[in-house]
Student: 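Submitted below is the structure of interest, expressed as structure tokens.
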Amino acid sequence: MDPNERQQRLEEAVRDAVARQQAKNATEQEAALRPIKRNQGILVAVLLASWALIGWIWIARPPLIFGPAPEDLAPSPAWREASLRFGLTLQRGRIEEYRAQNGRLPPTLEDAGEVEEGITWERADSTFTLTGTDGDLRLVLTDRMAADSFLGNSLDILRVKP
């Protein structure tokens, strides 16, 4: 074997070794990347499911997380009475203010301002009687009654949620 042939075989052997090593490296890289791609897919799926769950919780507002809705909470009888007493007192104040400005009672309850829910009135010459109802609860306030005594501790009760 002459030195040229020897040189060529040696070069071929080196090229083959390099080619095998490159193929081995490429295979190892692909194998190393496969789990990452699989893990990324799982991560994306978990992320999408989490966003969907958060969206559902935000829209549905389940009582387990947010507690009962305000409309589901029935006010206590004491709170209902305090609310009615406060409404009657407010309405009486509006009527008294109208009387102070105009020197007479308003022709209708609406003329005195906003009308509280469940409140009606009966008007005599210079006196009036307000009647408030809330379901089976009925309270009466006249212009001759002391508003502070009628109101009592209603404001303290109303400061607490029903």
Student: Start with the C-alpha distance between Ile65 and Ile57, add both sets of side-chain angles, then the distance that settles side-chain contact (heavy atoms from CB on, under 4.5 Å), and finish with yes or no.
Tutor: CA-CA 8 Å; Ile65 295 171; Ile57 288 171; 3.8 Å; yes
Student: Rounded to the nearest 0.5 Å, what's the gap from CG on Leu141 to OG1 on Thr129? Could you check?
Tutor: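 Leu141 CG to Thr129 OG1: 8.5 Å, rounded to 0.5 Å.
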Student: Taking atom OH of Tyr98 as the centre, report whether more than 12 heavy atoms of other residues, nucleotides or ligands fall under 6.0 Å from it.
Tutor: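 Atom OH in Tyr98 is crowded, with more than 12 foreign heavy atoms closer than 6.0 Å.
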Student: Could you see if Leu151 belongs to whatever hydrophobic cluster contains Met145? Use Ile, Leu, Val, Met, Phe, Trp, Tyr and a side-chain cutoff under 4.5 Å.
Tutor: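 In one cluster with Leu151: Met145, no.
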Student: Side chain of Ser83, backbone of Trp79: donor and acceptor closer than 3.5 Å?
Tutor: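 No; judged by distance alone, with no hydrogens or angles, the pair does not exist.
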Student: Checking the side chain of Arg80 only, and the main-chain atoms of Asp134 only, is there a donor and an acceptor separated by less than 3.5 Å?
Tutor: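 Confirmed, Arg80 side chain pairs with Asp134 backbone.
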Student: Taking the side chain as everything from C-beta on, heavy atoms only, tell me whether Trp121 gets closer than 4.5 Å to Thr131.
Tutor: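 SC-SC contact between Trp121 and Thr131 ruled out.
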Student: Just jot down the salt bridge (Lys or Arg N to Asp or Glu O under 4.0 Å) partners of Asp125, sequence neighbours excluded, or say none.
Tutor: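 Counting only residues at least two positions away or on another chain, Asp125 forms no salt bridge (Lys or Arg N to Asp or Glu O under 4.0 Å).
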Student: Do Asn25 and Gln21 have side-chain atoms, one donor and one acceptor, less than 3.5 Å apart?
Tutor: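 Yes, a side-chain donor-acceptor pair sits under 3.5 Å.
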Student: Using only atom types and a distance under 3.5 Å, with no angle test, would you say the side chain of Arg85 pairs donor to acceptor with the backbone of Phe150?
Tutor: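 Yes, Arg85 side chain to Phe150 backbone: donor-acceptor pair under 3.5 Å.
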Student: Which heavy atom of Gly132 sits nearest to which heavy atom of Leu88, and what is that distance?
Tutor: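 Residues Gly132 and Leu88, closest heavy atoms: N-CD2, 3.7 Å.
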Student: Is it the case that the side chain of Arg15 and the backbone of Leu10 share a donor-acceptor pair, with hydrogens and angles ignored and the cut-off at 3.5 Å?
Tutor: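 It does not hold such a pair.
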Student: Quick one, Leu105 with Ile95, criterion side-chain contact (heavy atoms from CB on, under 4.5 Å). Give me CA distance, side-chain angles, the key distance, then yes/no.
Tutor: CA-CA 7 Å; Leu105 287 174; Ile95 294 169; 3.8 Å; yes
Student: Which salt bridge (charged side-chain N to carboxylate O under 4.0 Å, His left out) pairs, counting each pair once, include a residue from residues 95-123, with sequence neighbours left out?
Tutor: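 Of all non-adjacent pairs touching residues 95-123, those that pass salt bridge (charged side-chain N to carboxylate O under 4.0 Å, His left out) are Arg94-Glu116, Glu96-Arg99, Arg99-Asp143.
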Student: Checking Leu130 against Leu109 for the side-chain contact (heavy atoms from CB on, under 4.5 Å) test, could you report, in this order, the C-alpha distance in whole Å, the side-chain angles of both residues, the deciding distance, and whether it holds?
Tutor: CA-CA 10 Å; Leu130 292 169; Leu109 197 54; 4.2 Å; yes
Student: Quick one: CZ on Arg6 to CG on Asn4, what's the gap to the nearest 0.5 Å?
Tutor: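 Going from the CZ atom of Arg6 to the CG atom of Asn4 covers 12.0 Å.
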Student: Looking at Asp156, is its backbone amide N or carbonyl O close enough to the side chain of Asn153 to form a donor-acceptor pair, meaning the two atoms are under 3.5 Å apart?
Tutor: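 Absent.
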Student: To the nearest 0.5 angstrom, please state how far the CZ atom of Arg138 sits from the CD atom of Glu81.
Tutor: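 Going from CZ on Arg138 over to CD on Glu81, the span is 14.0 Å.
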Student: Rounded to the nearest 0.5 Å, how far apart are CD1 of Ile119 and CG of Leu84?
Tutor: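 If we round to the nearest 0.5 Å, Ile119:CD1 and Leu84:CG are 6.0 Å apart.
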Student: Could you measure the distance from the CG atom of Leu48 to the CG atom of Leu43? Nearest 0.5 Å is fine.
Tutor: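 The CG atom of Leu48 sits 9.5 Å away from the CG atom of Leu43.
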Student: Check for me, please, whether Leu139 and Phe86 land in the same ILVMFWY cluster - side-chain distances under 4.5 Å, paths through other members count.
Tutor: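 Looking at the clustering, Phe86 is in a separate group from Leu139.
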Student: Dump the intermediate steps for side-chain contact (heavy atoms from CB on, under 4.5 Å) on Asp2 and Glu5, then the final yes or no.
Tutor: CA-CA 6 Å; Asp2 69 9; Glu5 261 183 66; 3.1 Å; yes
